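What you see is a predicted model; the values in this text were computed from it and never measured.
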There are 2 protein chains.
Amino acid sequence: MSAAGPRPVSIFDVAKRAGVSHQTVSRVINDAPMVADATRARVKAAIADLGYRPNRSARTLAGGAVRSVTVFTFDTSLYGTAETLRGIEDAASAAGFTVLISVLDPEQTYTEGDILARLSHDGAPAIVIAHDETTTQARRVLRNAQPGAVVATGDDQLGREPDAADWLVPLDDRAVAKRATKYLLSMGHRTVHYLAMPGKARRQDGWAEALAEAGVEPPEVVQSGWTIGSAAEAAAGLVADSEVTAIMCGNDDLAFGVLHAAHRAGRGIPGDLSVIGCDDSPMAAYHVPGLTTMDLDFRGVGRSAFELLRHKLEGGPDPRPSWRSPELIVRETSGPPRH
Amino acid sequence: MSAAGPRPVSIFDVAKRAGVSHQTVSRVINDAPMVADATRARVKAAIADLGYRPNRSARTLAGGAVRSVTVFTFDTSLYGTAETLRGIEDAASAAGFTVLISVLDPEQTYTEGDILARLSHDGAPAIVIAHDETTTQARRVLRNAQPGAVVATGDDQLGREPDAADWLVPLDDRAVAKRATKYLLSMGHRTVHYLAMPGKARRQDGWAEALAEAGVEPPEVVQSGWTIGSAAEAAAGLVADSEVTAIMCGNDDLAFGVLHAAHRAGRGIPGDLSVIGCDDSPMAAYHVPGLTTMDLDFRGVGRSAFELLRHKLEGGPDPRPSWRSPELIVRETSGPPRH
DNA sequence: GTATCAACCGTGAGCGCTAACATTTCCTCG
DNA sequence: CGAGGAAATGTTAGCGCTCACGGTTGATAC
């Protein structure tokens with residue numbers, strides 16, 4: 001009834017009811033010490049009676065502890081971002097934080113002001129799930145504007161960005177891609193082709209690195225969009241080429257696209273062509289044939305990102321990063337080439 | 001720099017710089033009339049110079065127009081909810097609204113207080129993406145507490161809930177499931193089995209209704225969880241039974257699980273078994289074989305939900321609901337039964 | 001030249017809360 | 001038994017903004 005009804009109950013109403021000052025009520029709802037048990041109980045009863053609920057705007061305005069995070073991301077319906085978001089949400093709500101999301105459109109360019117304007121206020125804490133150009137730019141902007149209140153996940157750029165450990169939960173995409181490529185190479189493939197999604201340069205780097213170490217000249221990268229459909233289209237040429245025996249894909253969705261294209265082209269999997277994905281999305285295990293891929297713990301990364309942010313905000317012991325490390329999962333889309 | 005730096009620039013700083021009162025600045029940032037063009041320009045210049053950005057907390061506290069929505073949902077990584085969320089986000093950010101998300105855990109039960117506490121303040125506008133028990137309960141709680149500021153999407157319960165049109169963007173799951181079932185029946189199947197996901201009773205109703213109209217006794221419903229894996233497991237018995245020639249699934253993910261189980265059981269698709277999903281997720285078109293399913297415009301539903309909420313908040317002309325109506329998409333997992 | 005009325009702009013209060021400090025109470029100890 | 005001090009509570013100010021006014025212009029009308 002409160003929407004249209006009378007003014008919602010405030011801290012003063014509770015105070016009056018409990019026969020204390022409003023500040024005491026504030027202490028109770030903030031679990032502050034220095035309140036007698038009896039008083040605390042009385043206040044809590046009053047809160048329950050009146051159905052009081054604190055007003056977050058007032059709280060943040062008054063300069064109390066921050067209790068919200070803005071998450072910048074670029075597409076909530078992709079497996080990786082959705083899972084990361086979920087991880088952030090889990091950790092955040094457990095800690096009593098509100099999470100706001102701000103979805104950036106990869107097609108659009110944003111000015112610094114555009115991005116900062118999406119924060120609820122100047123200096124508001126933020127997490128950036130940076131998996132493409134646009135979000136990487138957001139990461140840069142936020143990091144410049146308010147280094148104390150930003151954390152990011154995504155493309156590992158360790159070594160290029162200063163103090164990355166303080167504010168970045170890296171996925172080490174390079175190592176992941178390298179591992180996958182090496183595996184394919186180890187199966188006896190002469191070379192491995194790469195189907196790239198937009199703005200994930202580090203995975204491509206890892207692939208190139210693995211090839212370089214094996215002494216093979218990397219073939220031309222084939223560029224795809226983010227959707228299964230775009231991958232199927234982009235890979236049409238690749239799968240038609242009988243010289244191509246192994247393709248590594250930027251993520252699982254792209255791999256499904258490739259598999260579809262390969263099927264249409266009549267190429268046998270994995271006899272004629274090995275395909276490997278990345279992310280281990282739920283579909284990977286149930287696709288027929290089962291998709292070989294890299295398991296990435298996005299949810300864990302999201303949780304860790306939140307913990308890191310919280311650490312920056314509130315201090316306390318260094319949070320140990322706690323996500324499963326990436327792991328190769330061999331299923332049925334990969335094998336030795338047929339001679 | 002504002003996080004650790006000096007106090008962020010406020011409306012007063014801008015006012016001083018522009019040589020006007022703070023109220024005039026407020027007028028400018030709110031696009032209010034009654035400000036001379038010259039003054040407006042001067043203020044805007046000052047805003048740009050100082051890099052001023054309004055503080056949302058202060059704005060909502062001071063009782064201005066509401067500019068945020070809290071979205072209640074139960075799993076941001078499912079296709080349907082992710083897309084709906086995306087639709088809401090699109091519309092909301094276009095309208096200058098902030099979107100907060102609040103993820104409810106289906107395993108958990110929430111008290112009325114728990115749910116209301118997730119609002120940023122008493123009476124804060126909310127959208128509920130109600131696809132299961134928990135979110136449906138949230139919908140009920142919010143609707144009771146603040147009918148003026150709640151809108152929901154999801155399971156159609158028209159006829160049972162009063163004034164549904166005012167606050168519900170229905171998906172008419174019943175009709176969708178009925179359509180799919182009728183299609184299967186029309187292919188010549190004696191009966192259609194149903195693999196249910198948790199808490200989507202209306203789809204089951206539609207299936208039962210279609211069977212009833214065809215004069216066939218509905219077989220026992222098989223219950224699944226939300227994941228592909230749980231579906232594969234739950235459907236194991238069904239696919240092993242050669243009497244079963246058609247299965248309709250609660251959504252596409254479940255259908256993929258069934259397809260997987262069928263493959264393992266050695267049943268031919270669609271010769272031995274027809275499978276139909278629901279949602280037309282991106283994978284449906286690229287799965288081999290292509291999944292027959294119902295196309296649902298979740299994104300449009302999300303957009304409409306936001307528009308409806310905005311209408312309730314700000315008045316104005318009735319928003320025309322504008323989402324594509326559900327459509328049957330026939331691909332390769334369905335066909336007539338083999339005799 | 002004065003009343004009239006827009007258009008424009010400023011002043012003060014207050015939203016609900018917390019920080020910082022002031023005050024009271026009550027126990028401990030020499 | 002009074003000084004000292006900690007625990008418990010109250011008081012005041014102010015966060016950044018909007019609302020509801022009140023004041024000031026300048027053009028127009030008579």
Can you see whether B:R56 engages B:S68 through a side-chain donor-acceptor pair at a distance of less than 3.5 angstrom?
no
Would you mind building the protein contact string for nucleotides 16-26 of chain D? One character per nucleotide, 5' to 3', B for base within reach (heavy atoms under 4.0 Å), S for sugar-phosphate only, - for untouched.
BBBBB------
Around A:Q137, counting heavy atoms of other residues, nucleotides and ligands shown, do more than 12 lie under 6.0 Å from its CD?
yes
side-chain contact (heavy atoms from CB on, under 4.5 Å) between B:D13 and B:R17, worked out:
CA-CA 6 Å; B:D13 303 318; B:R17 170 87 166 218; over 6 Å; no
Would you say that more than 12 heavy atoms from the other residues, nucleotides or ligands in this model lie under 6.0 Å from the CD of B:Q23, or not?
yes
Under 4.0 Å from OP1 or OP2 of C:dC15: is there any side-chain N or O of B:T60 that close?
no
Under 3.5 Å, is there a donor-acceptor pair between the side chain of A:D105 and the main chain of A:E107?
yes
Can you tell me how far P of C:dG16 sits from CG of B:D122, to the nearest Å?
10 Å
Could you state the atom-to-atom distance from CE of A:M34 to C1' of C:dT18 in whole Å?
17 Å
Which of parallel (below 30°), tilted (30 to 60°) and perpendicular (above 60°) describes A:F74 and A:W226?
tilted
Between the first and last five pairs of the helix from C:dG1-D:dC30 to C:dG30-D:dC1, the angle of the axes, rounded to 10 degrees:
50°
Considering all heavy atoms of both residues, which atom of A:V71 and which atom of A:I129 are nearest to each other, and what is their separation?
CG1-CD1, 3.8 Å
More than 12 heavy atoms of other residues, nucleotides or ligands under 6.0 Å from CG of B:D318: is that the case?
yes
Checking side-chain polar atoms at under 3.5 Å, does B:S57 have a donor or acceptor matched by the opposite partner on A:T60?
yes
Between A:K312 and A:D166, does a salt bridge (Lys or Arg N to Asp or Glu O under 4.0 Å) hold up when you go through it step by step?
CA-CA 8 Å; A:K312 295 187 74 171; A:D166 282 357; over 6 Å; no
Ignoring backbone atoms, test whether A:S21 places a side-chain nitrogen or oxygen under 4.0 Å from the OP1 or OP2 oxygen of D:dT11.
no
Here the residues of residues 38-51 of chain B within 4.0 Å heavy-atom distance, strictly under, of DNA chain C are B:T39
